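Keep in mind the model is a prediction, meaning the values are calculated, not measured.
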Amino acid sequence: MSLQLFNSLTRRVEPFVPLDPARPTMYVCGPTVYNYAHIGNARGPVVFDVLARLLRRRFGDLAYARNITDVDDKINTAAKEQGVPISTITDRFAAIYREDMAALGVQPPDLEPEATRHIGQIIAMIERLIEAGHAYAAEGHALFSVASFAEYGKLSRRDPEELLAGARVDVAPYKRDPGDFVLWKPSTDDLPGWDSPWGRGRPGWHIECSAMAATHLGETIDIHAGGVDLQFPHHENELAQSECAHGGKPFARFWLHNGMLNFAGAKMAKSVGNIQRVHELIQHHPHEALRYALLSAHYRQPLDWSDGLIEQCVRTLDRLYGTLRDLADVAVVTDLADPAIPASIETALNDDLNTPQALAELSRIAGDARKAETDADKSRLKGELLGAGLALGLLQQEPAAWFARGASAEDDVRIQALIDERIAAKRARDFARADAIRDQLASEGIVLEDTPQGVRWKRG
């Protein structure tokens with residue numbers, strides 16, 4: 001089956017064939033590193049991590065860039081409030097972001113360009129736009145002329161007249177038209193800045209991604225991805241300035257946009273005040289359950305986020321890891337470090353990253369494995385379960401580690417000793433002691449399971 005992806009530019013599902021089959025290119029908008037990322041910010045990295053894995057399996061290679069925006073007015077504000085250089089803010093939160101994404105099983109991108117390291121490329125792109133009549137200088141600014149690009153609005157499908165009247169348009173006296181957007185803006189002495197033909201200043205947000213994508217992936221890239229909230233104005237402006245700077249060449253052949261997270265019926269956003277930070281969530285919940293939850297709905301649809309969803313995902317992973325634990329003594333033919341991906345999983349993911357279907361297949365394989373009677377079937381299905389998990393970035397730890405929930409080895413020994421004591425008490429018909437141990441374990445969140453292999457436990 002060919003890989004089919006929904007292209008936001010054409011509004012239809014299309015077969016994906018890279019320009020260079022030996023090196024597909026993908027650019028994903030990364031974080032502005034001035035604060036912690038919230039869980040809504042993590043949906044794109046998790047979803048497109050699954051896509052990156054799929055592209056590497058399918059084509060053998062991938063050039064995947066996810067940028068770091070390390071110059072921004074929010075960063076400047078945070079640095080000024082704390083009385084530190086912007087690099088103190090950006091270095092700290094970029095490191096935290098990488099750690100948080102790694103906790104969610106997100107593999108590092110091949111390239112992680114930073115805006116401040118591409119000032120020369122940004123200035124050069126702006127100069128090309130001005131020379132071609134698509135941009136102009138005014139009062140220390142450089143601005144893109146929206147009227148110069150007849151196709152402006154083709155990504156977001158917004159009428160140019162509607163865009164001019166939009167509430168997000170920044171009307172300023174130095175603009176020729178209200179919809180023109182900033183490519184370069186002046187910096188006062190107390191703000192970070194770089195010398196340019198238009199005076200000391202700093203880049204606008206949109207031009208950064210265009211310059212970094214062109215520098216590392218070329219003038220036309222295969223896939224540009226990000227949250228649906230970035231479709232306008234960020235991606236629309238990227239598209240316009242990139243195509244104008246490169247003589248009309250397409251900027252991105254496929255545009256992919258993930259849906260937003262909702263919390264209690266409202267979009268999760270800093271402005272709403274209902275955000276849940278990844279950095280805090282991973283301290284209170286199993287990391288893999290958070291990843292599972294982010295994949296539980298189709299990436300283009302909104303995802304209703306709740307504690308109940310996380311708990312449900314924990315229970316599902318308990319069953320999956322429980323299956324692997326029951327099959328611990330079963331050998332598999334496949335390479336455990338690189339198990340084969342089941343065809344049903346590849347089919348689901350090739351269908352526009354249908355992760356809900358892939359997760360359903362994961363559960364089906366586990367169910368079949370639990371019912372398998374022959375060693376051959378158990379071996380085959382265990383291999384399929386591991387391969388399916390690899391495709392989704394799940395089941396990447398030993399079952400014992402999953403059920404331990406990060407507890408110490410000493411605590412595991414203590415719990416097992418209590419369970420052994422309870423078993424001995426029941427055999428001696430000392431039911432009062434057995435019940436007391438059961439109640440103690442229950443108060444600690446320890447759930448006991450009676451299995452054909454004996455009593456097993458897990459943390460609830």
Side-chain angles (χ1 to χ4, degrees), residues 53 102-107 282-296 310-342 345 358-420 422-423 441-442 444-460:
R53 294 166 187 251
L104 296 178
V106 176
Q107 296 176 337
I282 61 177
Q283 296 176 36
H284 298 98
H285 300 284
H287 305 172
E288 211 167 324
L290 299 173
R291 182 182 177 94
Y292 193 109
L294 289 168
L295 296 174
S296 63
I310 301 172
E311 292 166 4
Q312 177 184 337
C313 294
V314 170
R315 291 194 295 271
T316 299
L317 285 163
D318 278 345
R319 290 195 297 273
L320 296 173
Y321 271 112
T323 302
L324 288 175
R325 182 173 60 183
D326 290 344
L327 299 173
D329 296 332
V330 174
V332 292
V333 177
T334 185
D335 180 2
L336 288 177
D338 186 24
I341 311 300
I345 296 294
L359 292 173
E361 283 297 310
L362 186 69
S363 291
R364 180 194 63 77
I365 294 168
D368 290 348
R370 288 192 293 272
K371 293 181 290 186
E373 296 181 355
T374 68
D375 290 342
D377 283 344
K378 290 179 181 178
S379 176
R380 173 179 59 83
L381 289 163
K382 180 180 178 180
E384 289 185 7
L385 187 56
L386 292 170
L390 180 65
L392 295 163
L394 300 171
L395 305 181
Q396 299 298 288
Q397 55 186 307
E398 291 296 323
W402 165 260
F403 287 113
R405 301 285 200 272
S408 66
E410 292 80 3
D411 196 45
D412 290 352
V413 171
R414 179 187 64 83
I415 291 169
Q416 187 60 54
L418 285 170
I419 292 171
D420 293 343
R422 179 174 178 267
I423 293 171
L441 292 172
E444 296 179 18
I446 305 303
V447 179
L448 302 182
E449 297 176 324
D450 291 315
T451 75
Q453 292 78 25
V455 178
R456 288 180 170 167
W457 63 273
K458 65 182 180 183
R459 289 180 171 83

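For G105 against R53, the heavy-atom pair with the smallest separation is O-NH2, 3.0 Å. Counting all heavy atoms, side chain and backbone alike, I345 lies closest to E361 at CD1-CB, 3.6 Å. Across E384 and P342, no two heavy atoms sit closer than the pair O-CG, 3.3 Å. When all heavy atoms of C313 and A289 are compared, the pair lying nearest together is CB-O, 3.7 Å. Minimum heavy-atom separation, K382 to V330: NZ-O, 3.0 Å.
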L395 vs L362, side chain to side chain contact (heavy atoms under 4.5 Å, CB included): CA-CA, chis, key distance, verdict | CA-CA 10 Å; L395 305 181; L362 186 69; 4.2 Å; yes
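Side-chain contact between E398 and F403 is absent, with no heavy atoms from C-beta onward closer than 4.5 Å. Using a 4.5 Å cut-off on side-chain heavy atoms (C-beta onward), P286 and L317 make no contact. The shortest side-chain heavy-atom distance between L359 and T316 does not fall under the 4.5 Å cut-off. The side-chain heavy atoms of I419 and Q416, taken from C-beta on, include a pair separated by under 4.5 Å. The side-chain heavy atoms of R370 and L327, taken from C-beta on, include no pair separated by under 4.5 Å. Side-chain contact check for L324 versus L386: some heavy-atom pair is nearer than 4.5 Å.
Atom CD1 of I341 sits about 4.5 Å away from atom CG of L390, to the nearest 0.5 Å. A distance of 10.0 Å separates NZ in K371 from CG in L381, rounded to the nearest 0.5 Å. Considering CZ of R364 and CG of L385, their distance stands at 10.5 Å, rounded to 0.5 Å. Atom-to-atom distance recorded for H287:NE2 and Q396:CD is 15.0 Å, nearest 0.5 angstrom. Atom-to-atom distance recorded for Q107:CD and L104:CG is 13.0 Å, nearest 0.5 angstrom.
Salt-bridge check for D318 with R315: failed, with every basic side-chain N at 4.0 Å or more from each acidic carboxylate O.
Judged by distance alone, the side chains of D326 and T323 never bring a donor and an acceptor atom under 3.5 Å apart. Defined by atom type and a distance below 3.5 Å, a donor-acceptor pair is present between the side-chain atoms of Y321 and E288.
For the side-chain contact (heavy atoms from CB on, under 4.5 Å) test with L290, the passing option among V314, L295, I310 is I310; the others fail.
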